[in-house]
Protein chains: 2
Amino acid sequence: MKLLIVEDEKILCDSIVSYLKQENYTCDSANGYASALEKTEQYDYDCILLDINLQDGNGMNLLRELKSNNKTDGVLIISARNSLEDKVAGLQLGADDYLPKPFHLSELGARVSAIIRRRNSAGNNIIRLAELSIDTQARSVEVAGRLLELTRKEYQLLLYFAYNKGRVVSKNAIAEHLWGDEMGDAANYDFIYTHIKNLRRKLIEAGCGDTIQSVYGMGYKFSIS
Amino acid sequence: MKLLIVEDEKILCDSIVSYLKQENYTCDSANGYASALEKTEQYDYDCILLDINLQDGNGMNLLRELKSNNKTDGVLIISARNSLEDKVAGLQLGADDYLPKPFHLSELGARVSAIIRRRNSAGNNIIRLAELSIDTQARSVEVAGRLLELTRKEYQLLLYFAYNKGRVVSKNAIAEHLWGDEMGDAANYDFIYTHIKNLRRKLIEAGCGDTIQSVYGMGYKFSIS
DNA sequence: CTTCCACAATGAGAAGCTTCATTGATGTTG
DNA sequence: CAACATCAATGAAGCTTCTCATTGTGGAAG
């Protein structure tokens with residue numbers, strides 16, 4: 001999942017990017033009209049987070065540009081609470097949602113995932129990766145047609161890896177995704193090592209081979225052929 | 001937390017109400033302008049869910065009425081995707097958020113709780129109920145100044161009870177709140193009995209007395225003096 | 001009042017999750 | 001290339017959560 005964050009307040013931009021990276025998205029950022037336009041011409045994004053009140057005043061133009069070019073990217077407008085007209089105009093131009101400042105990062109994440117979900121509502125609930133198939137309705141996993149029994153955490157972990165196939169995910173990203181805010185503040189997620197170990201063992205026993213690679217200092221990468 | 005659902009499609013209205021009740025809200029519903037107006041004059045709501053496209057065409061009038069009367073209720077507009085103008089006008093009239101149809105009930109729930117959170121952002125994180133006090137930051141619980149050690153599930157359960165003090169909550173509502181969609185579909189939540197038992201024991205040992213009452217066929221009610 | 005049934009409570013034990021101490025691996029510094 | 005620091009893997013142990021079988025309880029029906 002690839003996102004573009006268009007926001008000229010650098011501090012805010014960085015904190016959004018770092019949060020969304022944790023949440024497993026791939027993020028590009030742009031600090032104004034010109035660089036944003038360039039990015040959108042170069043890549044397709046699953047969702048663009050657009051601060052409508054850019055310094056250069058061109059946030060709205062960017063949105064107009066995007067929509068008139070038949071871009072399929074989703075758009076989430078971020079707007080200061082007092083700029084009602086811009087917000088409204090943005091929706092009329094075809095943005096998918098808006099989020100008033102100030103907001104919690106977790107809320108931002110929820111909106112982004114809602115936009116993406118709504119756009120992919122062709123909703124397939126079986127994920128197939130080579131001989132591995134995950135039925136997200138039945139919460140069951142099969143390897144080459146044979147049922148693989150996983151505990152809840154193992155299942156969640158595998159699902160997260162599946163969504164992020166081929167991408168390196170950090171230990172923290174995994175932890176935030178599997179435990180959310182259930183844990184106290186003493187966030188020591190070393191027990192992930194144990195879950196990784198167990199999942200690896202089961203996958204290897206099932207004949208998947210070495211699918212979870214460690215990336216020293218970075219996290220883990222799941223890949224399967 | 002008290003909500004008003006204004007929606008004239010009976011089936012949709014019922015499913016929203018039943019979902020939100022599960023989510024621990026107290027819900028009133030109204031199927032048109034007149035009954036909604038009456039309700040809002042009678043009660044204060046934490047959030048009003050308003051379908052702007054009512055049969056009688058008065059959804060917008062209702063919103064205007066509310067806002068001009070200095071009502072402090074939050075408003076979430078529910079609108080069909082194609083009625084852009086109404087949606088936009090609604091926001092201009094001071095609604096807090098909108099949600100396009102069709103939507104997932106879980107998303108509706110998220111928006112409602114976001115509105116309520118934003119409005120209560122005076123955010124107090126210590127809940128005091130008689131000699132019991134719950135620090136939601138530190139995730140710690142004290143009874144008459146003495147620390148009470150609870151496991152994660154016990155803590156979550158107590159917190160849920162605390163939010164719903166004096167109200168009967170069903171076993172299913174508890175389950176949905178503590179486990180969300182983590183569980184498979186085979187939703188047999190009998191193990192809640194065990195958690196109830198353990199929490200009861202700890203509360204009694206700590207000197208809180210008999211705070212969790214069973215309500216036969218309904219669920220449980222938490223009360224503390 | 002007795003019988004019956006569904007709901008609730010309980011204890012014991014299994015399964016799962018987290019902690020801990022130890023060992024091993026990887027990259028960095030001098 | 002040693003020595004070191006950091007990160008990762010592992011097995012075992014302890015705690016938490018869940019399951020299961022059994023018992024108890026409240027309400028409805030006869």
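Every heavy atom of this structure was used, including side-chain atoms; hydrogens, water molecules and symmetry mates were not. Proteins come first, then strands; the chains are lettered A, B, ... in the order of their sequence lines, and each starts at number 1.
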With a 3.5 Å distance limit and no angle check, can you tell me whether [X] reaches the backbone of [Y] through a side-chain donor-acceptor pair?
X         : Y         : result
Arg200(A) : Asp210(A) : no
Lys2(A)   : Asp44(A)  : no
Asp96(B)  : Ile115(B) : no

Report yes if some heavy atom in the side chain of Cys47(A) is under 4.5 Å from a heavy atom in the side chain of Leu76(A); otherwise report no.
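They are in contact (side-chain heavy atoms under 4.5 Å apart), so the answer is yes.
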Measure the acute angle between the ring planes of Trp179(A) and His195(A), then classify it against the limits of 30° and 60° as parallel, tilted or perpendicular.
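Trp179(A) and His195(A): tilted rings.
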Hey, what's the ring geometry for Phe161(A) with Phe222(A), parallel, tilted or perpendicular (30° and 60° as the breaks)?
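Parallel: the ring planes of Phe161(A) and Phe222(A) meet at under 30°.
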Just to be sure I understand the geometry, which residues of residues 193-210 of chain A put a non-hydrogen atom under 4.0 Å away from DNA chain C?
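Contacting residues: Thr194(A), His195(A).
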Strictly below 4.0 Å, heavy-atom distances to any atom of DNA chain C: list the hits from residues 146-155 of chain B, or just say none.
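By residue number: Arg152(B).
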Which nucleotide span of DNA chain D, 5' end to 3' end, has atoms closer than 4.0 Å to non-hydrogen atoms of chain A?
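Under 4.0 Å from chain A, the extent on DNA chain D is dT6(D) to dC18(D).
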Using the rule side-chain contact (heavy atoms from CB on, under 4.5 Å), only one of Asp14(B), Val17(B), Leu49(B), Val6(B) pairs with Ser29(B); which is it?
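Answer after filtering Asp14(B), Val17(B), Leu49(B), Val6(B): Val17(B).
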Between dA8(C) atom P and Gln213(B) atom CD, what is the distance in whole Å?
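Value for this atom pair: 14 Å.
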I need a per-nucleotide contact map over nucleotides 24-30 of chain C, read 5' to 3'. Cutoff is protein heavy atoms under 4.0 Å; write B for the base, S for backbone only, - otherwise.
--BS---
Judged by each residue's nearest nucleotide on DNA chain D, which is more toward the 5′ side, Ile192(B) or Asp190(A)?
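Closer to the 5' end of DNA chain D: Asp190(A).
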Among all residues two or more places apart in sequence or in another chain, which pass the salt bridge (Lys or Arg N to Asp or Glu O under 4.0 Å) test with Lys197(B)?
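With neighbours one apart ignored, the set is empty.
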If you compare all heavy atoms of Ser225(A) against all heavy atoms of Ala130(A), which two are closest, and at what distance to 0.1 Å?
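Scanning both residues, the minimum pair turns out to be C-CB, 3.3 Å.
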Which angle, rounded to 10°, do you find between the first-five-pair axis and the last-five-pair axis of the helix from dC1(C)-dG30(D) to dG30(C)-dC1(D)?
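Here the local axes at opposite ends form an angle of 30°.
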